[in-house]
Student: 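Next up is a structure, given as structure tokens.
Treat the numbers as computed from the prediction; the structure is a model and nothing was measured.
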Amino acid sequence: MGARAARLGGPRRGAEDPANGLCSPAARQRTRSPSTRGPSARSTAPALPARGVGKPVMAPGPPAPETPAQGPTPRYFTWEEVAQRSGREERWLVIDRKVYNISEFTRRHPGGSRVISHYAGQDATDPFVAFHINKGLVRKYMNSLLIGELSPEQPSFESTKNKELTDEFRELRATVEQMGLMKANHVFFLLYLLHILLLDVTAWLILWVFGTSFVPFLLCVVLLSAAQAQAGWLQHDFGHLSVFSTSTWNHLLHHFVIGHLKGAPASWWNHMHFQHHAKPNCFRKDPDINMHPFFFALGKILSVELGKQKKKYMPYNHQHKYFFLIGPPALLPLYFQWYIFYFVIQRKKWVDLAWMITFYVRIFLTYVPLLGLKGFLVLGLFFMVRFLESNWFVWVTQMNHIPMHIDHDRNKDWVSTQLQATCNVHKSAFNDWFSGHLNFQIEHHLFPMMPRHNYHKVAPLVRSLCAKHGIKYQSKPLLSAFADIVHSLKESGQLWLDAYLHQ
């Protein structure tokens, strides 16, 4: 899925050796290619027949008339053969019926090795379309990974996926593009950036004009928290490549907003967030639910599974209570704030680190002259901002997912995967601003590169598609969405306890 790939070559001899059992006799007959070296082969260049092998013995006679030269016979595969290549050693995936060997490429994938590996052994056509802004260019680089295609008698995707729903969603996406809903209004995003800068400057001016007594200090904290939260939503737009028509400008502004305005690394966000979008609420594939099982028991299926395994890392039957202590207040100041530095240093993301340093230098230069060199005041300001921002961030981001279906990856189609893991919150001017338009979580997950100001325009079309196929389209009030987080934690905790105590 995406970016310059080193040429892997083609299949070596032995990859279809009958002894290894990975390619069916029918597949070997379809390919009419000489055997290749085994399932671990990475090369995909056309194999040369072994000397003296496969040449028919012919009686002496006049030479046969020359026939025109033909290109190599394409290699054909079945879904069973593709599905077998989903482990650590060998990974294949399918895009538009073409089979790609991504075994070596995963480490060089610009979006990270994990997000592309989550689709190993599966059809990845819809996520490929959803995540790449210049698909033609990406396909050109993917040619070196191409090893064949699905056999003509094979369906275009697996039996676990709804064909009619998938076909109609692809038609809907074409309609959305024709309507211009994938094009951004640059004035909208400029005004949004200016309002963040205004909040940031106003917070500083309050201390400069009114002094550092309790009330001005508290006002400054609130405004800075709002600026940080809103910058979080804006970096999300640039990270999803939803503002500019080229990756370059989106990446540059993404670095500026998340790095300079927030002090976090763009590479860390990409690594985490695209996995979430690729497989939302799928255990061991969506990092947003990595708190299961060490802190929380999430979802009905996973909670019962955990209870039956007699595993207890926390008193999960009380998780709806301790969520208020280790959830919203602690995620940013006690975890993310420290982990992001470990991430950039461990992975040697020096450009990200440089952007992050500019944030801390800016905070130091602007607030130390007002608060003095006594570090506790500046640190107090900083961590109070992170505390308020953390509460804001967690409630907004979890209201759309924690109450929804959480399970292992069942390899469902794109629409079903996204709809079972997401829900909406009713549209209003406040809800749109407060959540950065992530109250339209369903539309955002179906069209992750769509500019947020167009979510409400595509929502009726998505709702109609869901109604036709009997898929539940959930939208609820903001406070109800918050309450559902606690309710779902209480329910899953009780399910765990029942399963845990059951003999």
Student: So with a 6.0 Å cut-off around NZ of Lys161, is the heavy-atom count from everything else above 12?
Tutor: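 Yes.
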Student: Test side chain to side chain contact (heavy atoms under 4.5 Å, CB included) on Trp392 and Leu388; report intermediate values, then the result.
Tutor: CA-CA 6 Å; Trp392 191 331; Leu388 292 181; over 6 Å; no
Student: How about NZ on Lys135, more than 12 heavy atoms from neighbouring residues, nucleotides or ligands closer than 6.0 Å, or not?
Tutor: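 It does: Lys135 NZ has more than 12 such atoms within range.
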Student: How are the rings of Phe296 and Phe323 set relative to one another: parallel (under 30°), tilted (30 to 60°) or perpendicular (over 60°)?
Tutor: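 Perpendicular, since the angle between the ring planes exceeds 60°.
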Student: Measure up the His260 and Trp355 rings against each other and bin them: parallel (under 30°), tilted (30 to 60°), perpendicular (over 60°).
Tutor: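 It falls in the perpendicular class, over 60°.
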Student: Could you check whether Phe169 and Phe447 have their ring centres less than 6.0 Å apart?
Tutor: yes
Student: Throw together a table of side-chain donor-acceptor distances under 3.5 angstrom for residues 482-491, partners on residues two or more places apart or in other chains.
Tutor:
unit_1	atom_1	unit_2	atom_2	d
Asp484	OD2	Lys476	NZ	2.8
Ser488	OG	Asp484	O	3.1
Ser488	OG	Ile485	O	2.8

Student: Measuring from Ile406:CD1 to Ile301:CD1, what's the distance to the nearest 0.5 Å?
Tutor: 10.0 Å
Student: Just by distance, no angles: are the side chains of Asn454 and Glu443 close enough, under 3.5 Å, to form a donor-acceptor pair?
Tutor: no
Student: Measure the shortest side-chain to side-chain distance between Ile133 and Thr246 over non-hydrogen atoms and say whether it is less than 4.5 angstrom.
Tutor: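 Side chain of Ile133 against side chain of Thr246, heavy atoms only: no contact under 4.5 Å found.
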Student: Would His251 and His255 count as a close aromatic pair, with their ring centres under 6.0 Å?
Tutor: no
Student: Asp407 and Gln420: side-chain hydrogen bond (donor to acceptor under 3.5 Å, both in side chains), yes or no, with the steps?
Tutor: CA-CA 10 Å; Asp407 197 359; Gln420 70 182 6; over 6 Å; no
Student: Compare all side-chain heavy atoms of Glu158 with those of Asp123 and state whether any distance is below 4.5 angstrom.
Tutor: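 With C-beta onward as the side chain, the pair touches.
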Student: Classify the ring geometry of Tyr455 against Phe440: parallel below 30°, tilted from 30° to 60°, perpendicular beyond 60°.
Tutor: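 Rings of Tyr455 and Phe440: tilted, 30 to 60°.
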Student: Looking at Arg347 and Asp352, does any basic side-chain N land under 4.0 Å from a carboxylate oxygen?
Tutor: no
Student: Could you check whether any side-chain heavy atom of Gln122 comes within less than 4.5 Å of a side-chain heavy atom of Ser86, counting everything from C-beta outward?
Tutor: no
Student: For the residue pair Tyr360 and Phe341, is the inter-centroid distance of their aromatic rings smaller than 6.0 Å?
Tutor: yes
Student: Name the orientation class of the two ring planes belonging to Trp269 and His240 (parallel below 30°, tilted from 30 to 60°, perpendicular beyond 60°).
Tutor: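 Ring orientation, 0 to 90° scale: perpendicular.
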Student: Short question: side chain of Thr125, backbone of Asp96 - any donor-acceptor pair under 3.5 Å?
Tutor: yes
Student: Return the set of residues passing side chain to side chain contact (heavy atoms under 4.5 Å, CB included) with Thr106 (not counting sequence neighbours), or none when no residue passes.
Tutor: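 Thr106: side chain to side chain contact (heavy atoms under 4.5 Å, CB included) contacts with Arg91, Ile102, Ser113, Ile116, Ser117.
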Student: Indicate whether the side chain of His277 and that of His444 have a donor and an acceptor atom separated by less than 3.5 Å.
Tutor: yes
Student: Does Trp496 reach the side chain of Leu302, with side-chain heavy atoms less than 4.5 Å apart?
Tutor: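 Sidechains of Leu302 and Trp496: no contact.
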Student: Could you tell me whether the side chain of Lys262 and the main chain of Val257 form a donor-acceptor pair under 3.5 Å?
Tutor: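 A pair under 3.5 Å: no.
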Student: Which class fits the ring pair Phe343 and His271: parallel under 30°, tilted 30 to 60°, perpendicular over 60°?
Tutor: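 Geometry flag for His271 against Phe343: tilted rings.
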Student: Would you say the side chain of Phe217 lies within less than 4.5 Å of the side chain of Phe210, judging by non-hydrogen atoms?
Tutor: no
Student: Would you find more than 12 non-hydrogen atoms of other residues, nucleotides or ligands less than 6.0 Å from Lys412 atom NZ?
Tutor: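 No, because the 6.0 Å sphere around NZ of Lys412 holds 12 heavy atoms or fewer from other groups.
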Student: Is the number of heavy atoms from other residues, nucleotides or ligands within 6.0 Å of CZ (Arg410) greater than 12?
Tutor: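 Counting other residues, nucleotides and ligands, CZ of Arg410 exceeds 12 neighbours.
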Student: Please report the C-alpha distance between Phe128 and His132 in whole Å, then the side-chain angles of each, then the deciding distance to 0.1 Å, and finally whether the ring pair (Phe, Tyr, Trp, His ring centres under 6.0 Å) criterion is met.
Tutor: CA-CA 6 Å; Phe128 171 80; His132 294 94; 4.7 Å; yes
Student: Answer yes or no: are there more than 12 heavy-atom neighbours, outside Phe188 itself, under 6.0 Å from its atom CZ?
Tutor: yes
Student: If you apply the rule side chain to side chain contact (heavy atoms under 4.5 Å, CB included), what do you find for Leu207 with Leu371, and how did you get there?
Tutor: CA-CA 9 Å; Leu207 288 185; Leu371 298 174; 4.2 Å; yes
Student: Before accepting this row, confirm whether a basic side-chain N of the pair Glu305/Lys308 lies closer than 4.0 Å to the acidic partner's carboxylate O.
Tutor: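 Lys308 and Glu305: not salt-bridged.
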Student: With sequence neighbours left out, write down each residue that passes side chain to side chain donor-acceptor pair (under 3.5 Å) with Tyr316, or none if nothing qualifies.
Tutor: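 For Tyr316 there are no side chain to side chain donor-acceptor pair (under 3.5 Å) partners, ignoring immediate neighbours.
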Student: Taking side chain to side chain contact (heavy atoms under 4.5 Å, CB included) as the test, write out the residues that go with Tyr342, two or more places apart.
Tutor: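 In terms of side chain to side chain contact (heavy atoms under 4.5 Å, CB included), with neighbours along the sequence ignored, Tyr342 is linked to Tyr339, Gln346.
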Student: Going by side-chain hydrogen bond (donor to acceptor under 3.5 Å, both in side chains), name the pairs with one or both residues in residues 290-302, residues two or more places apart or in two chains.
Tutor: none
Student: Would you tabulate the side-chain donor-acceptor contacts of residues 190-203 under 3.5 Å, counting partners in other chains and residues two or more places apart, or write 'none'?
Tutor:
unit_1	atom_1	unit_2	atom_2	d
Tyr192	OH	Gln230	OE1	2.1
Tyr192	OH	Arg452	NH1	3.3
His195	ND1	Tyr192	O	2.7
His195	NE2	Trp433	NE1	3.0
Asp200	OD2	Arg362	NH1	3.4
Thr202	OG1	Leu198	O	2.6

Student: Examine distances only and state if a side-chain atom of His453 and a backbone atom of Asn185 form a donor-acceptor pair shorter than 3.5 Å.
Tutor: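 Answer holds: yes.
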Student: Is the shortest distance from a Lys or Arg side-chain nitrogen in Arg173 or Glu177 to a carboxylate oxygen in the other one below 4.0 Å?
Tutor: yes
Student: Please determine whether ring pair (Phe, Tyr, Trp, His ring centres under 6.0 Å) holds for the pair His276 and His118, giving the CA-CA distance in whole Å, both sets of side-chain angles, and the decisive distance to 0.1 Å.
Tutor: CA-CA 10 Å; His276 162 69; His118 291 339; over 10 Å; no
Student: Does Asn424 use its side chain to pair, donor to acceptor, with the backbone of Gln441 at less than 3.5 Å?
Tutor: yes
